Amino acid sequence: MTTVTTTPSRPGKTPATVAFVGAGPGDPGLLTVRAVELLAEADAVVIDQIARDQVVARHCRPEVDVVDAGRGDHGQRLTHAANAKLVVSAARAHKGGLVVRLMDGDPATFNGLAEEALACAKAGVPVEVVPGVSAVSAVPAYAGVPLTTAESSAVHVIAHAGGTKGRASTVDPACLDPRSTVVVLGSAEALAAGLAALLEAGRDAGTPVAVTGHGTSVRQSTAVTTLEDATAAVESAPTPALAVVGPTVDLRQTINWFESRPLFGWNVLVPRTKEQSESIDRRLSRYGAISTVVPTISVEPPRTPQQMERAITGLVTGRYEWVGFTSVNAVKAVRERFEALGLDVRSFAGLKVAAVGGVTAQALRDWGLIPDLVPTGEQSARGLLEEWPPYDDLLDPINRILLPRADIATDTLVAGLVEMGWEVDDVTAYRTVRAAPPAPEVRDAIKSGAFDAVVFTSSSTVRNLVGIAGKPHTNTVIACIGPQTAKTAEEHGLRVDVLAAEPSAEVLIDALADHGAARAHAAHEAGEQVRRPSERRSESRRRARS
């Protein structure tokens, strides 16, 4: 990320307040509540070494200024003094506002808080400090290595160790106690030097060592070795890395909770819009996967809005007994039209509201509407139809239903409601058109097998993805939300590996996780290393070359 030139965003005579906020070691879920509050209010964010694009995009306002304090114009790492100047400059540029200095891990732990806070004090800039989760404790915890046990109660930290000859004399003798835990952190060179210093100072060569790279992220990897052989593990570890030395490392065999998740490290393609994929993203993250969203459709207003406007007029004037929503997009389209006309949910007074499933029902609740009907079984148009009450001329004063839907919606629901005695106004609330093709590198990744899995939530996502990006690689796991979607996938030449037991995005991800767990179990049973589907593609290429 490059430095963004800051511009004043609020009038005032005093500089902005600078909040030194701990961002944790990598996992955005480790942010504190106070950190999230300050990020939402920030006029500028000064970021640190680890890329924080996801944090800024999720928690900050779109117009926030972002200043990169990690690297200079030529890629060199900035000094604490240079960072301090950036922070003071940002505070002066946003007089009366708020600047969040987002620091990796915990601000007060090996992060230069003292230098930058002193610079702020000298410049008359008020500060606030929000502690964060330190890599010293978080990374070992995510690696399944407790820092202490009943037998190992002492913890020592070696940070930025260095030097060559004579380095053994710099090691605290307490670090040599075989019962103690030593955490070593810093650059790869510093990490190797710190471990070598422990060995030279007399720590037993067979002491267990865990070297973890990209700690707390889904790219995390941990190598367990001994102090004698730790240099090789450090050289092959991705950076940033951290090492834990001591007997508690042996507990990783039992407490390896993070890297043993069933989809850990999987890159899953989600052919959906960003708004529709949030629940899937959260579910995938729970199982250790990362997701790449590729929109396959674009939602646009109807070509002629008059039909929609007449329907809303009828809704307000009491023309309908029911309004049925069959998608989140339908809720969004009606809500946007309401707001454009100056209306709100009070216009639904006296109406009954139906939702096709839980996600659509939640979109209605977010708007302030509690649906009267949500299918308890199959969450589809067919499931909604099975539970929709037939028209009763004694109980229902009005026999008309409004269905605001997509232009390509099927006639199943309308035909069934008419058969039950209802009159239906099937109104086009939005149009769905095929999205533009994704970037060339994404298309190449899809066709070459760089993705571990693809989750299809409808037949249209299958057709559109193949249409704009091509067929996924044969090694890619194909997961489908229901039989019709699976049939469409097979018609396009895809092998369906996972089928959800019910048409729910959450159930689909659970089924994919079960599939991942089964693959891992089979590998263990065969005495093989557990590999992701995309890694098997790389193995096939190596065999082909040899």
Side-chain angles (χ1 to χ4, degrees), residues 270-277 293-316 319-320 322-341 343 351 353-357 359-361 363-364 367 369 371 375 379-385 388 400-419 422-438 456-469 481-482 484-485 487-489 491-492 503 505:
V270 182
R272 258 186 162 192
T273 63
K274 184 177 180 181
E275 294 77 13
Q276 291 176 318
S277 63
V293 177
V294 173
T296 57
I297 63 168
S298 176
V299 177
E300 299 182 2
R303 287 191 175 91
T304 55
Q306 290 82 2
Q307 185 189 32
M308 183 69 165
E309 291 179 358
R310 285 196 299 269
I312 290 178
T313 299
L315 185 153
V316 174
R319 176 178 171 83
Y320 302 106
W322 282 89
V323 180
F325 291 95
T326 57
S327 70
V328 172
N329 285 328
V331 177
K332 182 180 179 182
V334 173
R335 183 173 181 174
E336 288 177 349
R337 200 69 208 132
F338 260 56
E339 292 171 351
L341 296 172
L343 301 173
L351 279 166
V353 178
V356 73
V359 177
T360 303
L364 288 168
W367 190 14
L369 290 171
Q379 297 191 346
S380 65
R382 184 181 292 104
L384 185 60
L385 186 60
W388 202 300
R400 191 173 293 273
I401 296 170
L402 171 61
L403 287 182
R405 304 196 295 165
D407 57 332
I408 60 171
T410 62
D411 295 330
T412 303
L413 181 58
V414 174
L417 291 171
V418 170
E419 189 176 333
W422 294 99
E423 292 186 20
V424 181
D425 283 356
D426 187 12
V427 176
T428 298
Y430 61 95
R431 293 183 300 122
T432 56
V433 298
R434 182 175 287 181
F456 290 116
T457 54
S458 67
S459 292
S460 63
T461 59
V462 178
R463 290 190 292 266
N464 290 335
L465 181 71
V466 173
I468 65 176
I481 199 167
Q484 186 58 49
T485 303
K487 180 182 178 182
T488 304
E491 290 172 351
H492 283 76

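Given the structure is predicted, the values throughout are model-derived calculations rather than measurements. These numbers come from the heavy atoms of this one structure, side chains and all, not from hydrogens, waters or symmetry mates.
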Might you point out which heavy atoms bring Ile468 and Ala435 nearest each other, and give the distance in Å?
-> CG2-O, 3.4 Å

Over all heavy atoms of both residues, which pair between Ser327 and Tyr430 is shortest? Give the atoms and the distance, please.
-> OG-OH, 2.8 Å

Qualifying residue for side chain to side chain contact (heavy atoms under 4.5 Å, CB included) with Phe456, from Thr296, Ile481, Leu465 | Leu465

Which value, rounded to the nearest 0.5 Å, describes the distance between Met308 atom CE and Leu402 atom CG?
-> 7.5 Å

All heavy atoms of Ala381 vs all of Leu413, minimum pair found to be O-CD1, 3.9 Å

In short, Ala330 meets Pro404 closest at the heavy-atom pair CB-O, 3.2 Å

Can you name the closest pair of heavy atoms from Thr326 and Thr360 and give their distance?
-> C-OG1, 4.4 Å

Side-chain (Arg434) to main-chain (Ile297) donor-acceptor, under 3.5 angstrom = no

Is a salt bridge present between Asp425 and Arg319, judged by a nitrogen-to-oxygen distance below 4.0 Å?
-> yes

Parallel, tilted or perpendicular: rings of Trp388 and Trp322 (30°, 60°) | tilted

More than 12 heavy atoms of other groups within 6.0 Å of Arg400 CZ = yes

Result for side chain to side chain contact (heavy atoms under 4.5 Å, CB included) between Leu417 and one of Asp426, Thr412, Leu403, Leu384 points to Leu403

How many angstroms lie between atom NE2 of His492 and atom CZ of Arg463, to the nearest 0.5 angstrom?
-> 7.0 Å

Just wondering, more than 12 heavy atoms not from Glu339 lying within 6.0 Å of its CD?
-> yes

Determine, stepwise, if the pair Thr485 / Thr457 fulfils side chain to side chain contact (heavy atoms under 4.5 Å, CB included).
-> CA-CA 7 Å; Thr485 303; Thr457 54; over 6 Å; no

For Ala355 against Leu364, the heavy-atom pair lying closest together | CB-CD1, 3.8 Å

Qualifying residue, where the test is side chain to side chain donor-acceptor pair (under 3.5 Å) with Thr488 and the options are Ser459, Ser458, Ser460 | Ser459

From Asn464 atom CG to Thr432 atom OG1, the distance as rounded to the nearest 0.5 Å = 8.0 Å

How long is the span from the CD atom in Glu309 to the CG atom in Leu341, to the nearest 0.5 Å?
-> 6.0 Å

Test log, rule side chain to side chain contact (heavy atoms under 4.5 Å, CB included), inputs Val414 and Arg405 | CA-CA 11 Å; Val414 174; Arg405 304 196 295 165; 3.4 Å; yes

In Å, rounded to the nearest 0.5 Å, how long is the span from CH2 of Trp422 to CD1 of Ile401?
-> 5.0 Å

